[in-house]
Structures are given as structure tokens and as C-alpha cells.
Amino acid sequence: MSSTPSPPPPPRRTFRIDPERLIGIPAGICSGATKLFVGHPFDTVKIRMQTEGGHGRFKGPLDCLLTTLRREGFRALYKGATPPLLGWTLMDATQMFTLTNLRHLLRLRRRELQSRSTSHGGAKPASSDLADIPLSVAEHSLAGLGAGIVVSFVATPVELLKAKLQVQYDGEKVYRGPVDAARKLFRNHGIAGLYQGLQGCLMFRSFFWVLWGSYDIYSRQIQSWGFSQGTTAFLA
């Protein structure tokens, strides 16, 4: 009596994330670190002018820079750099990760609409690869809006701690460092103390729809002039 062969086991489902959806994380980390080393001294002068310039402490940005260097030394230009060193890398990683994945979702939606159109006699799309599906300027702007809103919840405490430390002048220290500042704000005001200015941050970063929408417009125009993809990304 022959035995009936058992059916083969069902294929194992593996969880796999497209590397393209994660590329925004290392890109954002590198972007945040570069932005800190180049831009933090300018940011320190800006913050000091915004908070003290109107009270007669400084005559202008150049005077603020020279006075800070003369009285506190070069390292004073990097006061409050620890929060953004960690925070800006996290902020840019969050922004780029969110942006990349929102674009991915929008491409999925567009592919689904194309499939429905094809099933009803519409033209077949040129490529089935998700990365080859172009997004409109409006869709790039929508992804930028979502990324700006999400990153605001990371940016607000980082920028608050940075500003608190930047306006500590020589001999006027209230906080010993970013951890001490965070601890005191939390102790005195709770979690809301670390999110002072959230509304303004949301308003500001919601305009990232302009940033990423215009980036797409510039990219298309520069590529039409024959520049390479790397040069286009740099110029745009």
C-alpha cells in the first residue's frame, strides 16, 4: 500500500525592509553633524543678538562675534553645541527617514491607482519598479509637510536646550550643561518645560513643504541642463 506524499511546507515569510527606505538615516546623521560644525558659531551669534542685542550688550553681529571671542574665547562660539551635536543628527535622520517613507507610501498609492487604471483598459506603466514611479511637485510637498511636522517633536527640546546654553555669558551660568538644563526644566515645569515653543516650531517646520517642493522643481530643471544626479542634488 503506497503512502501519499505529504504536501511541501508553505514558504517561510521573511521580514525585509528595502534599504532605500533606510538611507535617510545615515544621510541625516552626516547632514546634522556637518551643519553643526559649520553653522553653530553663526547660530550662537544669531541667538545672542536675538536675546541681548536690543539691550545694548552688542552693537551688531560683528561686535557680538568679536566681543564673544575677546571675553570668552573661541570655544564660546560652540556653547550649547552638545544638544545639537546629538539632536541635529537625530533631527535630520528623523526628517529624512520620514520624508523617504512618506514618498514611499505616496508611490505605493500611485502604483495602486495605475494598476486600477490598467485593469480598466488604461495604459500600462513604463516600469513596475516602485523607485521609478515619479511623484508630482504636490506629492513631494506633502511628504515635506509630514516630515516637518514629525521632526518638530524632536527639534523643540533640542533647540530649547541649545538656546538656554548659548545665552549663558561668562560668570552668569545657570546650567552646568545640557543634562543639567534638561533636568532643571523638567523638575520645574514637567515634560511641557522641554516643549516650550512647540507651536512656533510646528509653524516653522510645516513650511518644509516649500523646501522639498521647490527642491523637486530645481532638481528637474537642473537635470534638464544635463548635470549628473550628484551635482543636481548639490545645486538644488
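Residue indices begin at 1 and follow the sequence shown. Computed over heavy atoms, backbone and side chain alike; hydrogens, waters and symmetry mates excluded.
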Decide side chain to side chain contact (heavy atoms under 4.5 Å, CB included) for W209 and L142; before the verdict, give the C-alpha distance in whole Å, the side-chain angles of both, and the deciding distance to 0.1 Å.
CA-CA 6 Å; W209 72 268; L142 182 61; over 6 Å; no

Taking side chain as C-beta onward, heavy atoms only, is [X] less than 4.5 Å from [Y]?
{"X": "F204", "Y": "Q199", "answer": "no"}
{"X": "V210", "Y": "S141", "answer": "no"}
{"X": "K164", "Y": "L160", "answer": "yes"}
{"X": "Q166", "Y": "H40", "answer": "yes"}
{"X": "T68", "Y": "V45", "answer": "no"}
{"X": "K79", "Y": "E72", "answer": "yes"}
{"X": "F97", "Y": "V150", "answer": "no"}

Please report the C-alpha distance between Y175 and L185 in whole Å, then the side-chain angles of each, then the deciding distance to 0.1 Å, and finally whether the side chain to side chain contact (heavy atoms under 4.5 Å, CB included) criterion is met.
CA-CA 10 Å; Y175 308 111; L185 286 169; 4.3 Å; yes

Please name all residues satisfying salt bridge (Lys or Arg N to Asp or Glu O under 4.0 Å) with [X], sequence neighbours left out, ordered by chain then number.
{"X": "R110", "value": "E139"}
{"X": "D180", "value": "R176, R183, K184"}
{"X": "R103", "value": "none"}
{"X": "D216", "value": "R220"}

Please check if [X] and [Y] belong to a single hydrophobic cluster, counting links between Ile, Leu, Val, Met, Phe, Trp and Tyr side chain heavy atoms closer than 4.5 Å.
{"X": "L86", "Y": "L36", "answer": "no"}
{"X": "V154", "Y": "L99", "answer": "yes"}
{"X": "V38", "Y": "L77", "answer": "no"}
{"X": "I191", "Y": "L161", "answer": "yes"}

Closest heavy-atom contact between [X] and [Y]?
{"X": "Q168", "Y": "V174", "value": "OE1-N, 2.6 Å"}
{"X": "F74", "Y": "L69", "value": "CA-CD2, 3.7 Å"}
{"X": "C64", "Y": "F58", "value": "CA-CD2, 3.5 Å"}
{"X": "A76", "Y": "T44", "value": "O-CG2, 4.0 Å"}
{"X": "Y78", "Y": "F37", "value": "OH-O, 2.8 Å"}
{"X": "R205", "Y": "V151", "value": "CD-CG1, 3.5 Å"}

Take Y195 and H189 through the test side chain to side chain contact (heavy atoms under 4.5 Å, CB included) and record every step on the way to the result.
CA-CA 10 Å; Y195 279 91; H189 306 285; over 6 Å; no

Could you check whether any side-chain N or O of [X] sits under 3.5 Å from a backbone N or O of [Y], counting only pairs where one atom can act as donor and the other as acceptor?
{"X": "S206", "Y": "M203", "value": "yes"}
{"X": "Q196", "Y": "G193", "value": "yes"}
{"X": "D43", "Y": "G39", "value": "no"}

My understanding is that only residues two or more places apart in sequence, or in another chain, count here; which of them pass ring pair (Phe, Tyr, Trp, His ring centres under 6.0 Å) with F208?
none

Let me check something: any side-chain donor-acceptor pairs from residues 229-236 under 3.5 Å, sequence neighbours excluded? List them with distances.
unit_1: T231; atom_1: OG1; unit_2: S228; atom_2: OG; d: 3.0
unit_1: T232; atom_1: OG1; unit_2: S228; atom_2: O; d: 2.7

How far apart are the C-alpha atoms of I149 and L145, what are their side-chain angles, what is the distance that settles it, and do they pass the side chain to side chain contact (heavy atoms under 4.5 Å, CB included) test?
CA-CA 6 Å; I149 291 172; L145 172 63; 4.1 Å; yes

Take atom CZ in R75; do more than 12 heavy atoms of anything else shown fall under 6.0 Å from it?
no

Reported CE-to-CG distance for the pair M96 and N101, which is rounded to 0.5 angstrom
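Nearest 0.5 Å value for the CE-CG distance: 11.0 Å.
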
Measuring from atom CG of L113 to atom CZ of R111, what distance do you get when rounded to the nearest 0.5 angstrom?
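Rounded to the nearest 0.5 Å, the CG-CZ separation comes to 12.0 Å.
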
